[in-house]
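Atom set for the values below is all heavy atoms of this structure, side chains included, hydrogens, waters and symmetry mates excluded. Note on naming: letters A, B, ... go to the chains in the order of the sequence lines (proteins, then strands), and numbering restarts at 1 for each one.
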Protein chains: 2
Amino acid sequence: MKRTDRRSDCPTNFALQAFGDSWSLLVVRDLMFKGKRSFVEFAASDEHIATNILTDRLFTLRRSGIIRRDGTGRATRYSLTAKGVDLLPLMIEMIVWAARHDGRSAAPGAFVRRATRARAELLAEMRARLVLEHAAR
Amino acid sequence: MKRTDRRSDCPTNFALQAFGDSWSLLVVRDLMFKGKRSFVEFAASDEHIATNILTDRLFTLRRSGIIRRDGTGRATRYSLTAKGVDLLPLMIEMIVWAARHDGRSAAPGAFVRRATRARAELLAEMRARLVLEHAAR
DNA sequence: CTGTATCCTTAGGGATACTG
DNA sequence: CAGTATCCCTAAGGATACAG
């Protein structure tokens with residue numbers, strides 16, 4: 001069963017069907033934070049995605065409506081659709097989480113600190129509930 | 001190159017190394033929102049993860065420090081560590097995104113609506129920048 | 001119940017060459 | 001430059017049986 005064939009009405013599963021692999025969100029990151037727009041720019045990222053895989057992911061991300069393609073030939077450029085831009089909160093939370101738990105990361109920058117405060121109250125409540133739930137057992 | 005072998009200092013890549021596959025976050029979802037704690041409960045989810053894959057994911061999630069295992073034999077129970085609970089914001093953003101873009105989803109509930117408002121101001125600013133950036137080209 | 005182990009098939013992916 | 005195509009190997013995963 002392919003990842004994209006797995007059916008359930010769960011929103012988590014829906015999201016994972018769209019980008020639940022180890023390459024798609026790296027392309028989104030390049031578009032969202034690194035200003036990359038072209039095939040070679042994506043291929044040149046530190047993670048060294050193979051060109052056949054890159055072709056495939058650009059296609060599936062387009063099919064999911066997360067990115068679009070403009071131009072043709074060597075003028076081809078990719079960009080985020082509104083649906084892709086809507087991934088911004090998720091990307092920020094990934095970065096916040098990684099910055100907090102990756103020992104190799106530098107100290108969190110102003111960007112991460114601000115993002116962390118912005119939704120602090122809402123999450124503190126739910127987090128406390130989850131933690132207490134564990135402690136109670 | 002395995003997902004978990006791919007090296008770069010990017011926090012996005014760090015996060016994808018920990019849970020950038022199509023099954024790990026479903027286990028986190030089951031622990032976080034569905035109150036599931038045992039092997040069979042995870043295996044019984046709608047997405048029907050195979051038991052060998054489940055064994056592997058429980059192991060890698062433990063190795064990543066996202067979940068812990070308590071008890072032994074048929075008393076074995078899994079739960080989220082603090083590091084796992086810290087994935088809550090990310091999970092919420094996944095759900096918010098999916099609820100907005102999955103046509104099959106029901107109308108967003110109070111949970112999603114509240115989560116959506118909580119970090120609205122911060123993100124509106126960055127989102128506007130990304131959208132304008134595209135429009136300008 | 002909680003896993004392991006095995007068998008087998010398919011998807012993912014690296015390397016490289018090639019085309020428009 | 002922007003991809004495709006091919007080769008080939010490995011990892012992912014499904015089915016099932018089995019063990020503690």
Side-chain angles (χ1 to χ4, degrees), chain A residues 1-8 12-13 16-28 30-31 34-64 67-79 137, chain B residues 1-8 12-13 16-28 30-31 34-64 67-79 137:
Chain A
M1 183 164 49
K2 297 177 63 172
R3 160 175 62 90
T4 48
D5 292 338
R6 196 173 55 219
R7 289 292 140 213
S8 89
T12 302
N13 192 43
L16 291 174
Q17 285 181 20
F19 51 77
D21 69 277
S22 68
W23 294 113
S24 295
L25 289 186
L26 293 176
V27 174
V28 171
D30 285 348
L31 284 165
K34 304 207 169 189
K36 300 189 178 186
R37 296 291 180 266
S38 70
F39 192 91
V40 275
E41 286 175 324
F42 302 139
S45 290
D46 286 345
E47 294 84 10
H48 297 108
I49 185 171
T51 58
N52 56 342
I53 306 300
L54 178 55
T55 296
D56 179 77
R57 292 309 186 277
L58 290 172
F59 179 77
T60 59
L61 284 170
R62 281 207 297 147
R63 194 184 49 194
S64 297
I67 67 175
R68 74 170 70 81
R69 181 167 70 178
D70 297 309
T72 170
R74 54 196 58 194
T76 304
R77 292 295 179 274
Y78 295 89
S79 57
R137 284 185 308 97
Chain B
M1 181 165 50
K2 298 177 59 171
R3 162 173 62 91
T4 47
D5 291 339
R6 195 174 56 219
R7 288 291 141 214
S8 87
T12 302
N13 191 45
L16 291 174
Q17 285 180 19
F19 51 76
D21 69 277
S22 67
W23 294 112
S24 296
L25 289 185
L26 292 176
V27 174
V28 172
D30 285 348
L31 285 164
K34 305 207 167 188
K36 300 188 176 185
R37 297 289 180 267
S38 70
F39 193 89
V40 276
E41 288 176 322
F42 302 139
S45 290
D46 286 344
E47 294 83 9
H48 297 107
I49 185 170
T51 58
N52 56 342
I53 305 298
L54 178 55
T55 297
D56 178 77
R57 291 309 185 277
L58 289 171
F59 179 78
T60 59
L61 284 169
R62 282 208 296 146
R63 194 184 48 194
S64 298
I67 67 175
R68 72 170 71 80
R69 181 168 69 177
D70 298 308
T72 168
R74 55 197 59 195
T76 304
R77 292 294 179 273
Y78 295 90
S79 57
R137 286 185 307 98

**OP:** Mind calculating the distance between CZ (B:Phe59) and P (D:dA11) to the nearest angstrom?
**Re:** 16 Å
Original post:
Between A:Lys34 and A:Ser45, does any side-chain donor sit less than 3.5 Å from a side-chain acceptor?
Top reply: no
Original post:
Is there a side-chain polar atom (N or O) of A:Arg57 under 4.0 Å from OP1 or OP2 of C:dG13?
Top reply: yes
Original post:
What's the NE2-C1' distance between B:His48 and D:dA15, to the nearest Å?
Top reply: 14 Å
Subject >> Nucleotide D:dC7, atom C1' - distance to CD1 of A:Ile53 in whole Å >> reply: 14 Å
Original post:
Can you find a heavy atom in the side chain of B:Trp23 that is under 4.5 Å from one in the side chain of B:Ile53?
Top reply: yes
Subject >> Side chain proximity check, A:Phe39 to A:Thr76, heavy atoms < 4.5 angstrom >> reply: no
Subject >> Distance in angstrom units between A:Leu54 CG and C:dG13 P, rounded >> reply: 12 Å
Original post:
Are B:Leu31 and B:Arg37 side-chain neighbours, meaning at least one heavy-atom pair lies under 4.5 Å?
Top reply: yes
Original post:
Quick one: A:Asp70 CG to D:dA2 P, roughly how many Å, whole number?
Top reply: 14 Å
**OP:** Measure the distance from CD1 on A:Ile49 to P on C:dG12 and round it to the nearest whole Å.
**Re:** 12 Å
**OP:** Return the value, rounded to whole Å, for the distance between atom CZ of A:Arg37 and atom C1' of D:dC1.
**Re:** 18 Å
**OP:** Give the B/S/- string for nucleotides 1-11 of chain C, one per nucleotide from 5' to 3', where a protein heavy atom under 4.0 Å of the base yields B, of only the sugar-phosphate yields S, and otherwise -.
**Re:** SSBBBB----S
Original post:
Tell me, do A:Ile49 and A:Leu26 make a side-chain contact under 4.5 Å, heavy atoms counted?
Top reply: no
**OP:** Using a 4.5 Å cut-off on heavy atoms from C-beta on, say whether the side chain of A:Leu58 contacts that of A:Tyr78.
**Re:** yes
